[in-house]
2 protein chains.
Amino acid sequence: MDEDPVKFEPVTAVRAYERVVEQVEHAVLTGRLVPGERLPSERELMTQFGVSRSTVREALRVLQAGGVVRSRPGDPRGPEVLAPSPATLRKSIHRLARAEHMGLAELLQFRMLLEGSAYLLAAHLRTAEQLERMTDALEAMRRHVDGGEGDDAAFGEADLAFHDAVAHATQNPLVVACAEVVRDVALELIEDKLAHADDRRAVKRKTVAHHAEMLAAVRDGEGERACLLARRALHDYYAEYVPAERRAMLEPFLGSP
Amino acid sequence: MDEDPVKFEPVTAVRAYERVVEQVEHAVLTGRLVPGERLPSERELMTQFGVSRSTVREALRVLQAGGVVRSRPGDPRGPEVLAPSPATLRKSIHRLARAEHMGLAELLQFRMLLEGSAYLLAAHLRTAEQLERMTDALEAMRRHVDGGEGDDAAFGEADLAFHDAVAHATQNPLVVACAEVVRDVALELIEDKLAHADDRRAVKRKTVAHHAEMLAAVRDGEGERACLLARRALHDYYAEYVPAERRAMLEPFLGSP
DNA sequence: CCTAGGCTACTGGTCCGACCAGCATACCCG
DNA sequence: CGGGTATGCTGGTCGGACCAGTAGCCTAGG
């Protein structure tokens, strides 16, 4: 017989600052500390936790790196508890992207995966109000197609608002955050190439046409079609910037034709 | 006329430890520092950077929290540069999940979204070797269906290996990492409920049947079918644990029937 | 009376010096 | 020659100190 009932877990020396982090994080997670609230000052914390200021500061650094709190020098109200944001998710993905030598191909594939399915969900789950937001965004895009420099930014914002409305229609904050992050990181990779694209106006017009189609599909509850349209639109815009030998990994998303 | 050509950006005081973090992170990102390599000791770093040890330590804390580096007390070789891992991605998603009051419904929806499309990709992109890995994993699952306690773990491992092979077939590390993380976080939410599930053996048999179907679809390049099967399988397993009033957000993934 | 200005009491950021426990190696003694 | 110990390093923690900011009070000037 094998006697294994006694299981010893490997002991890990838990550093003092880690326990400070745990306590603060736990308080935030359980709602005992609410975003906007203030932590006691470092000197106050060091008496409450019974540790030195160095330890308190290292804990605060970790929390700050995790996007949980923010410290401002000279603020008598103490460190601020932050609202959760995808900022740290963004950094994680960013780092992972660079570390795994991921290129535009992988990011674009992931974006096609994510947004395509998001449109599928949106077509079935969207509320009337969300549909209205998409319509408004599309209108705004139309208004800024023919403008000059200034309108470029406005067009981009409207575009973003459209995608954001779709993501929200999934009712899933994780989809919203991931879509936003992946979109940003991907754009970062090619912003220079996009900057001096040849015919901005033509591109914008095509964008509007694509969005109009997708909006119609979402409005009519045609999820599969919306999904396919979204993936093809992404492919249309960005595939040219993907190395030719890697484009095969995008094709499964384009459908049968 | 509005003269805006001169745009002043808000100046942000750059803390000393932040510049230390930047330099180390940059060295890692550009490959000048490779995983497994060692950083100089804190006392050495403080002379190289020309800052105090406190500053060096705060920088190391941030890097450590970001999963870039690990310090062990008493190690004469200095802090170790870590291989990139989804650990920090995992923590980000975990935190986001709790902060946005996300429940199993959202996690499961995201997992259906992610894995479904992953199967679609896998059906078209899988290599022969990856197909073999899936086949082997399925075989292993079959072997451990009828076993007792010990086999439960083995079955779970084989199951994981199967999903992992599928994720790898997408050729996308981001898909691999996200799938792993979301799977873990979702399981965490219901591990207790799963623990005393009624008829483990019946569940296992159903699992094997499902996986066999999906494997066949992947083998035959039937992406759409694999996608649908995967999403339905996930729904079959977990939907019962999702609050009834939230199940609607999963249904768009189940197809038309 | 009200306001513009400085004043003060705090904040966080950085530095210094010290001590402790743990780890690897080299050394020394049996 | 082998094994245990001595040593010099490591990171973890502590305490104290100084500085540059900020916010709000508080006063001097309107």
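In what follows, chains are A, B, ... by sequence order, proteins preceding strands, each numbered from 1. Being a predicted model, the structure only gives us computed values, none of them experimental.
- Rounded to whole Å, atom C1' of C:dG12 lies 11 Å from atom OH of B:Y17.
- Picking from D:dT10, D:dC14, C:dT14 the nucleotide with the shortest atom distance to the side chain of A:S52 gives D:dC14.
- Atom CG of A:L60 and atom C1' of C:dT14 are 15 Å apart (whole Å).
- The interatomic distance linking B:R70 (CZ) with D:dT10 (P) rounds to 18 Å, in whole Å.
- A:R38 has its CZ atom 14 Å from the P atom of D:dT22, to the nearest Å.
- Considering only side-chain atoms of B:E42, the nucleotide from D:dG15, D:dG12, C:dG12 that sits closest is D:dG12.
- With respect to the salt-bridge test (charged N to carboxylate O, under 4.0 angstrom), the residues A:E25 and B:R95 qualify.
- Taking atom CD of residue A:E58 and atom C1' of nucleotide D:dG12, one finds them 8 Å apart after rounding to whole Å.
- What separates CD of B:E18 from P of C:dT14 is a distance of 8 Å, to the nearest Å.
- Residue B:R15 has no polar side-chain atom (N or O) positioned under 4.0 Å from OP1 or OP2 of C:dG12.
- A:E115 has no carboxylate O lying under 4.0 Å from a charged side-chain N of A:R183, or vice versa, which leaves the two without a salt bridge.
- With distances taken from any side-chain atom of B:A16 to the nucleotides D:dG12, C:dT14, D:dG11, the minimum falls on C:dT14.
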(Q) With side-chain hydrogen bond (donor to acceptor under 3.5 Å, both in side chains) as the criterion, how do B:Q109 and A:N172 come out once you've worked through the C-alpha distance, each side chain's angles and the decisive distance to 0.1 Å? (A) CA-CA 8 Å; B:Q109 191 201 48; A:N172 197 328; 2.8 Å; yes
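- The residue B:R61 sits close only to the backbone: its heavy atoms come under 4.0 Å of sugar-phosphate atoms, none of a base.
- A salt bridge does not link A:R90 to A:E180: none of the charged nitrogens lies less than 4.0 Å from a carboxylate oxygen.
- The closest side-chain donor-acceptor pair between B:Q64 and B:R61 falls under 3.5 angstrom.
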(Q) Test salt bridge (charged side-chain N to carboxylate O under 4.0 Å, His left out) on A:R15 and A:E18; report intermediate values, then the result. (A) CA-CA 5 Å; A:R15 270 65 65 89; A:E18 282 180 352; 3.8 Å; yes
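- Proximity of the aromatic rings of A:H163 and A:H168 is defined here by a centroid distance below 6.0 angstrom, and this criterion is not met.
- Atom pair A:M46:CE and C:dT11:P shows a separation of 11 Å (rounding to whole Å applied).
- Taking every side-chain heavy atom of B:S54 into account, C:dC15 is the closest of D:dC14, C:dC15, C:dG12.
- A sub-4.0 Å separation between OP1 or OP2 of C:dC15 and a side-chain N or O of B:T55 is present.
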Please list, for nucleotides 19-24 of chain C, all pairs of protein and nucleotide N/O atoms separated by less than 3.5 Å.
| residue | atom | partner | partner atom | Å |
| --- | --- | --- | --- | --- |
| C:dC23 | O4' | B:G74 | O | 3.4 |

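- Between the CZ atom of B:F49 and the P atom of C:dC15 there is a distance of 13 Å, given to the nearest Å.
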